[in-house]
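One structure is given here, and the rest of the page talks about it.
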Amino acid sequence: MRVGFGVLGPVVAWDTDADGRAIALKGPRHRAVLARLIVARRRVVPVSRLVEDLWTAPPPGAVGAVRTFVAALRRALEPDRPPRAPARLLVTEGPGYALRADADAVDAWRFEQDVAAAATLPPDGALPRLEEALGRWRGPAYAEFADEGWARGERSRLAELRLHAVERQAEARLALGRAAEAVPDLEAHLAEHPWREGAWRALALALYRTGRQGDALAVLRRARTLLVEQLGLDPGPELRRLESDILAQAPHLAPATARGGGAAQVWADAAAAYDRTVASGARTRLESTVGLLRDLSMTGGGGLLTARRQRVAAVAAAEELGDPELTARVIGAYDVPAIWTRLDDPEQAATIVAAAERTLAALAAGPGAPDDGLPGVEPPDHGEPSGQESDQESANHEAPGHGAAHRREPDHTAPGHETTGHKTPGPGPSEHVVTGHEAPHRKEPGHMATGHETTGHGTPGHGASEPEVTGHEGHGHEAPGRGATAHEAPGRVAPGHADTGHGAPRRGVSSPGVGGREVTGRWASGREAVGREAVGRGSSAPGGDGRGAPGHSTFGRGTAGEAATRHDAIRARLLATVAVESRGGHSGRGRQAARQAEEIARRLDDPALLAFALNGVFMQSFDRAGLAPRRDAVGAELIALSARHGLVAFEVLGHLIRLQARSALADFASADRHAAAAERLGERHERPLVRVFTEWYRALRLAATGRADEAEAAYRDAATRLDDAGMPGLERGLLPLALLCLRVGRGRPAPTDPELDWGPYAPWARPLVLLARDRRAEAAAALRTVPEPPHDLLLEALWCLTGRAAIALGDRETMARARTALAPAAAELAGAGSGLLTLGPVSRHLADLGG
């Protein structure tokens with residue numbers, strides 16, 4: 001006899017081989033023993049624990065009574081068991097008993113399995129699974145044991161899972177265009193559980209889609225009243241946004257079936273086929289899951305948070321399999337472009353970096369490790385160009401990418417080139433910016449590569465114009481040559497390239513490698529994944545890109561050279577991951593990893609890999625103040641590279657980097673163009689998080705041009721977009737910091753509202769807040785404990801705040817430290833390199849600091 005058990009209601013048992021015939025379980029104590037063993041989920045429950053759970057004050061014969069109950073249950077559950085034969089279902093083990101029921105023998109266990117499976121299915125597959133799961137409920141779980149402590153936790157867990165299943169069922173019906181079916185169940189659900197904001201949202205949306213706009217708005221008003229009057233809570237951002245969207249009759253509220261059409265059906269069919277075809281434990285599933293998480297991270301705040309939560313679990317699962325190359329692919333597949341330099345989750349980032357370092361070490365020790373003697377193409381140093389170009393000149397160049405810095409050697413000029421170079425005062429080497437259509441070349445002063453005409457104009461101070469990128473939305477004109485890659489000086493051929501006679505190698509040409517190996521340069525195949533929306537990873541930023549699978553796009557298998565190339569590409573992705581996930585720190589490991597990743601990517605001639613490596617270079621370009629020109633060069637190369645190869649996310653990233661860099665240089669005309677270009681790409685490719693950054697930029701623009709009152713209102717509006725952006729590293733403390741910078745820039749005291757959440761910026765705000773409260777002694781003590789600012793986009797801003805507090809307190813030692821730190825940024829706007837806020841010209845702060 002096969003026995004089934006029911007706990008989703010009164011505790012029962014039935015014979016599954018006899019059409020569900022009920023099995024008599026005798027009295028309440030017998031059912032209590034059975035229920036207690038089901039709660040234990042096949043684990044042993046000691047007899048002493050059973051005694052404690054069954055009686056408040058156990059009688060003298062309690063242990064014997066428990067044994068009697070167990071014997072009676074065994075006779076009921078295994079009536080055909082021979083005398084003295086061991087029990088198979090309710091077994092004795094060690095100090096107690098266990099119920100060895102099959103995984104599908106208990107209705108609660110099957111319910112959990114169905115709900116978990118539905119979460120992995122498209123709506124048309126999830127809905128029947130959820131309906132079946134909810135149909136198992138006959139009443140409250142463990143109904144007759146509601147007051148028992150041993151049942152309380154399990155009852156609560158199952159009840160919460162049921163509420164989730166009801167709401168997931170409603171979402172599936174909405175997704176399938178069956179809104180009318182969702183309404184009655186949701187109304188009944190909310191009558192019993194009125195605090196479920198997700199259910200209120202689903203009900204309002206269901207009513208709206210059935211043509212009942214007024215009822216939908218009334219439901220949202222009722223939800224607000226309940227939350228405010230009975231809980232003292234305002235509705236969450238999703239409810240507020242839904243109300244605005246309903247009032248505006250936003251197009252995206254239309255049924256998914258109407259909006260998705262054939263694409264939605266293709267997705268549903270493919271997902272169902274994948275689930276049927278690929279075994280649940282297959283390694284392919286793990287890699288596919290990571291690819292899905294990568295795409296999910298670019299679908300908005302909720303997707304970003306979910307992807308970040310699952311990322312560490314995916315890496316851990318890969319490491320458990322003991323295959324370093326698989327682990328490397330899983331780690332490297334999460335090449336989500338990142339623009340914000342403060343980590344969303346430092347602990348998780350440290351875990352990812354540690355896993356990447358372990359995998360690098362395992363790859364170095366294993367077979368197929370590359371010959372250490374193989375040199376790579378030397379990457380550009382991304383120095384500090386300050387090129388100036390007229391608008392007319394900018395318009396003539398459709399695919400520049402020519403912001404990459406170029407080294408020059410003195411007294412070395414190649415024939416056939418015209419060059420004009422004007423050095424720019426300020427920190428770092430002066431650099432030329434290529435404005436022609438050919439790919440950029442490394443140059444020393446007076447040294448020009450054949451066939452190029454280059455102009456560089458230095459611009460001191462603020463307001464420098466830029467080598468502008470125009471017309472790029474992933475389909476611009478392709479310049480002759482390849483651009484955006486490093487090239488050797490005349491007379492040398494980079495590995496993997498053959499000289500075409502025009503200064504740029506042909507693609508797909510293999511040449512003898514160094515050290516007796518052949519290195520093949522191939523372009524990665526690009527693909528644009530649907531739904532990529534953020535440039536943040538876990539990190540905070542908009543974008544997504546088309547690329548092949550990591551470790552597979554630039555090479556085949558077979559020869560030793562190809563294996564080494566594959567190995568190098570995998571290493572480069574790990575190194576780039578280390579660089580991106582080490583941002584904001586003071587360690588040199590992140591910068592080293594960024595340089596190594598870039599060098600390998602250039603040698604392999606892989607555009608997608610190079611874009612990811614350049615993201616790491618950008619993240620590691622904050623080791624001192626005043627490096628906006630260097631980041632501008634990285635952004636320019638990213639734009640050109642990405643536009644030519646369909647890497648949309650990295651093209652967005654490039655525009656946002658240049659938006660930041662040109663803001664730092666007070667070139668707002670150029671920054672405006674990059675903001676507009678990023679928004680066009682975001683709208684076209686469904687990346688709404690782009691506007692989080694461009695709206696903050698527009699508030700900065702108002703602040704930088706002296707319109708402080710308008711800027712404050714714009715900052716408050718922009719801050720509302722952070723509520724559900726999924727980027728805690730960007731969210732906490734940013735609005736108070738921006739408002740503080742506005743006040744300091746106008747010579748006004750800091751805000752003193754004790755409710756302000758300064759987040760991670762509290763150490764730098766505290767001295768100024770205490771000064772505003774006229775608590776000078778405490779302010780001086782706080783200033784002495786202010787740490788050195790992190791190496792990130794707010795480096796200059798935080799040093800300026802430290803300097804202002806030091807000036808007010810007469811702390812000359814701290815003034816000197818701030819002056820030294822800020823001196824390289826004398827030609828920039830303090831903080832504007834973040835694209836978010838500013839304290840005005842650094843030169844003004846230096847003057848006040850005595851510099």
Side-chain angles (χ1 to χ4, degrees), residues 342 346 584 586 625 696 699-700 703-704 706 708-709 711-716 718-719 722 728-823 825 829-832 834 836-851:
R342 183 174 288 274
H586 295 267
W696 274 86
L700 155 68
D709 292 338
E712 180 170 346
Y715 275 133
R716 294 188 186 279
L722 294 176
L730 181 65
E731 177 182 352
R732 283 199 63 220
L734 190 57
L735 178 59
L737 182 67
L739 299 180
L740 172 63
C741 291
L742 269 180
R743 285 174 172 258
V744 170
R746 300 163 71 186
R748 296 175 58 189
T752 57
D753 183 352
E755 299 300 318
L756 285 176
D757 177 9
W758 293 98
Y761 312 112
W764 295 274
R766 182 170 171 75
L768 292 166
V769 171
L770 290 169
L771 281 168
R773 294 175 179 164
D774 200 24
R775 292 157 62 178
R776 291 183 63 84
E778 292 176 63
L783 182 62
R784 287 194 292 273
T785 64
V786 169
E788 181 180 337
H791 291 175
D792 62 21
L793 281 160
L794 291 172
L795 176 69
E796 292 91 347
L798 297 182
W799 268 119
C800 283
L801 292 177
T802 302
R804 300 318 303 183
I807 291 168
L809 291 165
D811 184 339
R812 296 193 174 278
E813 180 181 348
T814 303
M815 288 170 62
R817 287 174 53 231
R819 184 170 61 246
T820 300
L822 289 168
L829 292 182
S834 66
L836 306 176
L837 52 82
T838 185
L839 291 107
V842 172
S843 57
R844 188 189 74 201
H845 296 277
L846 287 172
D848 293 343
L849 288 165

Which heavy atom in [X] sits nearest to a heavy atom in [Y], and how many Å separate them?
X	Y	result
Trp696	Ala738	CZ3-CB, 4.0 Å
Leu739	Arg716	CD1-NH2, 3.4 Å
Trp758	Pro751	CH2-CG, 4.0 Å
Arg732	Asp757	NH2-OD1, 2.9 Å
Leu734	Tyr761	N-CE1, 4.0 Å
Tyr715	Ala703	OH-CB, 4.1 Å

Could you tell me whether the side chain of [X] and the main chain of [Y] form a donor-acceptor pair under 3.5 Å?
X	Y	answer
Arg844	Leu839	yes
His845	Trp799	no
Thr838	Ala830	yes
Arg766	Ala779	no
Arg743	Arg748	no

Quick one: pull up [atom1] in [X] and [atom2] in [Y] and give me the separation to the nearest 0.5 Å.
X	Y	atom1	atom2	result
Thr752	Leu771	OG1	CG	12.0 Å
Ser834	Leu700	OG	CG	6.5 Å
Cys800	Leu846	SG	CG	7.5 Å
Glu796	Leu822	CD	CG	7.5 Å
Leu740	Leu837	CG	CG	9.5 Å
Leu737	Leu801	CG	CG	6.5 Å

Ion pair check, Arg804 and Asp848, cut-off under 4.0 Å: yes
Residues Arg817 and Glu813 bridged, charged N to O under 4.0 Å: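 No, no charged N to carboxylate O under 4.0 Å.
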With Val786, the side chain to side chain contact (heavy atoms under 4.5 Å, CB included) member among Leu798, Thr814, Thr802: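 Single pass found, and it is Thr802.
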Test side chain to side chain contact (heavy atoms under 4.5 Å, CB included) applied to Pro736 and Val769, Asp753, Leu756, the passing residue: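 Exactly one option meets the side chain to side chain contact (heavy atoms under 4.5 Å, CB included) with Pro736, and it is Leu756.
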Check: Leu794 and Leu836 side chains under 4.5 Å, non-hydrogen atoms: no
Arg746 CZ: over 12 foreign heavy atoms closer than 6.0 Å: yes
Test side-chain contact (heavy atoms from CB on, under 4.5 Å) applied to Leu829 and Val842, step by step: CA-CA 6 Å; Leu829 292 182; Val842 172; over 6 Å; no
